[in-house]
Amino acid sequence: MTKQTRAFAARWIFPVSSPPIHGGWVRMDRQQIVEVGQGAAPTDAEDLGDVALLPGLVNAHTHLEFSDCDAPIGEPGIALYRWVGQVITARQSATGQAKAAAIAKGLQESFDAGVSLVGEIATLPSEYPSQSDFPPQNQSPELITFAETIGLSQQRGDERFAHTEQHVQTQPDGGISPHAPYSTSRPLIERCVQLACQTNRPLAMHVAESPAERQLLCDGSGPFAETLKQLGVWDASLFPWGGQPFEWLIDQLAKAPYGLLVHGNDLQVSDIEKIANHPSLSVVYCPRTHHFFGYPPHPVHAMLERGVRVALGTDSRASNPDLNLWREIQFLLNQRPDIDPEEVLGMGTIWGADAMGRFRHGRLQRGSFARFNLVSTSAKTLQGVYRDFAEQPLKRGV
């Protein structure tokens, strides 16, 4: 067995793209999986013993620039509109050098946590480490950098959109992110969607984060309206959107090749039904951030019942104690018994990859990237394995 071609056997193999294998093996050639089998392993296979072999995890939403936060900003249960104000204040003095250092720190933390693909919201200009910045034996997670496009005024929108255009022209893995309905005008959202279609890039947007956002869009009032006035960016001609604002927004985002609706804490039944009619759309759920803000139970179960693709994210250290995607999975395994554990694992792997159009990540199958994680288990049943998943740490690599 050479360094380029290796095989591994384990008590359990979790391809994710197909059912779990009790007593299986995987062969890789360089950095690509070439075989996945069950039963007697090849004679050259390394037996990993009592472990479950998993693919690299996928963090579909984060903001790495906040990775220097030792603790979330604000107190648990803080209202989103107040938190936004505190975040703006906290970032005003950040230098470009400090921001680059935080991004590098967050990317390393993600790598150490077994993440192979990251959907990153990039506030441009931003500096990201290259593969050469990692040790030779390690591979940095693949990054999809969604250029944050924000602006309620014409001038601000034009300025940020110019940065976004340059980003997708120069970054092969660049995506587009109109920030949120409370911070991005409808004409700017439409321009972002059009650019995503023209360049075949994924698009991510914070959507339905809180009831206050819905109030702003529906009648132009409430705490978000007051916050925008305090920040000096209020424009009465932009709000309310009128009618069913999220119906318009969902239809817009569905035009993009891949559309990610981030958070979705306040999505209603009618919104979920509409999302379910658009296969290009996914919802990104950040469980521990949702818990930090003290929202009512997330409607993720209703989404899954309707066949909506749901991915997992960590958001950032501004609202989460760490960037460990495995802990998001464990949070759901322990706190949401209404969700099938198989679906929870899919949310943290293959569905996040598919949401961003990266079909070689988040699975163990022929042709996929050979990124592995291990979890100790001596369980003989799937139920037992998932119990171990809920308690045991994840180890990166083999």
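Note that the coordinates shown come from a computational prediction; the quantities given were computed from them, not determined experimentally.
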Item to check | Residue of the set E148, H63, E65 for which side chain to side chain donor-acceptor pair (under 3.5 Å) holds with T123 | outcome: E65

Next on the checklist: I'd like to know if D29 and R366 make a salt bridge, using a cut-off of under 4.0 Å between side-chain N and carboxylate O.
Outcome noted: no

Checklist entry - From I73 CD1 over to C69 SG, what is the distance, rounded to the nearest 0.5 angstrom? => result 4.5 Å

Checklist entry - Which value, rounded to the nearest 0.5 Å, describes the distance between H301 atom NE2 and L304 atom CG? => result 8.0 Å

Next on the checklist: Looking at every non-hydrogen atom in both residues, tell me the closest pair between W12 and A379 and how far apart they are.
Outcome noted: NE1-O, 2.8 Å

Checklist entry - Same cluster for V36 and V34 if Ile/Leu/Val/Met/Phe/Trp/Tyr side chains link at under 4.5 Å? => result no

Checklist entry - For S116, which of R371, H361, E142 qualifies under side chain to side chain donor-acceptor pair (under 3.5 Å)? => result H361

Item to check | Full working for side chain to side chain contact (heavy atoms under 4.5 Å, CB included) between L261 and M205 | outcome: CA-CA 5 Å; L261 285 68; M205 184 173 187; over 6 Å; no

Next on the checklist: If the threshold is 4.0 Å, N to carboxylate O, is there a salt bridge linking K229 and D235?
Outcome noted: no

Checklist entry - So F224 and Y182, would you call those rings parallel, tilted or perpendicular, with 30° and 60° as cut-offs? => result parallel

Item to check | Donor on one side chain, acceptor on other, Q108 and D112, under 3.5 Å | outcome: yes

Checklist entry - Regarding T145 and E120, is there a side-chain donor-to-acceptor distance under 3.5 Å anywhere? => result no

Next on the checklist: Counting only heavy atoms not in Q198 (residues, nucleotides, ligands), do more than 12 fall under 6.0 Å from its CD?
Outcome noted: yes

Checklist entry - Any donor-acceptor pair under 3.5 Å linking the side chain of R11 with the backbone of L48? => result no

Checklist entry - Taking the six-membered ring for Trp, are F293 and W83 ring centroids under 6.0 Å apart? => result yes

Checklist entry - Is there a donor-acceptor contact under 3.5 Å from the side chain of S183 to the main chain of H179? => result no

Item to check | Smallest separation among heavy atoms of L249 and P181, with atom names | outcome: CD2-CG, 3.8 Å

Next on the checklist: Regarding R309 and S282, do their side chains bring together a donor and an acceptor under 3.5 Å, going by distance alone?
Outcome noted: yes

Checklist entry - For H163, does the NE2 atom sit with more than 12 other heavy atoms under 6.0 Å from it, leaving out its own atoms? => result yes

Per-pair distances, 0.1 Å, donor-acceptor, side chain in residues 385-395, under 3.5 Å, sequence neighbours excluded:
unit_1, atom_1, unit_2, atom_2, d
D388, OD2, T377, OG1, 2.5

Checklist entry - Do N277 side-chain atoms and E273 backbone N/O form a donor-acceptor pair below 3.5 Å? => result yes

Next on the checklist: Please determine whether salt bridge (Lys or Arg N to Asp or Glu O under 4.0 Å) holds for the pair R214 and D271, giving the CA-CA distance in whole Å, both sets of side-chain angles, and the decisive distance to 0.1 Å.
Outcome noted: CA-CA 12 Å; R214 186 178 294 270; D271 305 323; 2.8 Å; yes

Next on the checklist: As an exercise, state the distance from CD of E46 to CH2 of W25, rounded to the nearest 0.5 Å.
Outcome noted: 15.5 Å

Checklist entry - Any ion pair linking K105 and D68 (charged N to carboxylate O, less than 4.0 Å)? => result no

Checklist entry - Do side-chain atoms of R363 reach the backbone of F359 as a donor and acceptor pair under 3.5 angstrom? => result yes

Checklist entry - In terms of hydrophobic clustering (I, L, V, M, F, W, Y; side-chain heavy atoms under 4.5 Å; direct or indirect links), are V310 and I350 co-clustered? => result yes

Next on the checklist: Show, in sequence, the C-alpha distance, side-chain angles and deciding distance for S18 and Q365, and conclude whether the side chain to side chain contact (heavy atoms under 4.5 Å, CB included) test is met.
Outcome noted: CA-CA 8 Å; S18 58; Q365 65 182 42; over 6 Å; no

Item to check | Between CG on residue N265 and OH on residue Y295, distance to nearest 0.5 Å | outcome: 5.5 Å

Next on the checklist: Check this for me: Q166, atom CD, are more than 12 non-hydrogen atoms of other residues, nucleotides or ligands nearer than 6.0 Å?
Outcome noted: no

Checklist outcome for this item: T164 meets the side chain to side chain donor-acceptor pair (under 3.5 Å) criterion, sequence neighbours left out, with T149

Next on the checklist: Can you give me the closest heavy-atom contact between P141 and V118, atom names plus distance?
Outcome noted: CB-CG2, 4.0 Å

Checklist entry - Between D158 and R191, does at least one N-O distance fall below 4.0 Å, as a salt bridge requires? => result yes

Checklist entry - Has the side chain of T184 got a donor or acceptor atom that lies under 3.5 Å from a matching backbone atom of A180? => result yes

Item to check | Considering all heavy atoms, the nearest L107-L64 contact | outcome: N-CD2, 4.1 Å

Item to check | Rounded distance (nearest 0.5 Å) linking atom CZ of F246 with atom CD1 of I275 | outcome: 9.5 Å

Checklist entry - In the single-linkage hydrophobic clustering (I, L, V, M, F, W, Y; side-chain heavy atoms under 4.5 Å), do V58 and V16 co-cluster? => result no

Checklist entry - Going through the distances and angles, do H206 and H61 end up as a side chain to side chain contact (heavy atoms under 4.5 Å, CB included)? => result CA-CA 10 Å; H206 302 80; H61 178 73; 3.3 Å; yes

Checklist entry - Hey, are the side chains of L53 and L374 touching, using non-hydrogen atoms and a 4.5 Å cut-off? => result yes

Item to check | Full working for side chain to side chain contact (heavy atoms under 4.5 Å, CB included) between W248 and R186 | outcome: CA-CA 10 Å; W248 176 86; R186 281 184 290 179; 3.5 Å; yes

Item to check | Audit row: Y285, H263, ring pair (Phe, Tyr, Trp, His ring centres under 6.0 Å) steps and yes/no | outcome: CA-CA 5 Å; Y285 172 30; H263 297 306; 9.2 Å; no

Checklist entry - Does a sphere of radius 6.0 Å around CD in E342 hold more than 12 heavy atoms from other residues, nucleotides or ligands, not counting ones at 6.0 Å or beyond? => result no

Checklist entry - What about L80 and I121, same hydrophobic cluster or not, with Ile/Leu/Val/Met/Phe/Trp/Tyr joined at side-chain heavy-atom distances under 4.5 Å? => result no

Item to check | Exceeds 12 heavy-atom contacts within 6.0 angstrom, atom CD of E305 | outcome: yes

Checklist outcome for this item: In terms of heavy-atom contacts, P129 and I103 come closest through CD-CG2, 4.1 Å

Next on the checklist: With clusters defined by side-chain heavy atoms of hydrophobic residues (ILVMFWY) lying less than 4.5 Å apart, directly or transitively, does L325 cluster with F146?
Outcome noted: no

Item to check | salt_bridge(R288, E328) N-O dist < 4.0 Å | outcome: yes

Item to check | Least distance between heavy atoms, W234 atom then G220 atom | outcome: CH2-O, 3.6 Å

Checklist entry - Can you tell me how far the CD atom of E109 sits from the OG1 atom of T62, to the nearest 0.5 Å? => result 8.5 Å

Checklist entry - Any luck finding a side-chain donor-acceptor pair between N320 and T314 under 3.5 Å? => result no

Checklist entry - Is the NZ or CZ atom of R317 both under 6.0 Å from the centre of the six-membered ring of F66 and within 45° of that ring's axis? => result no

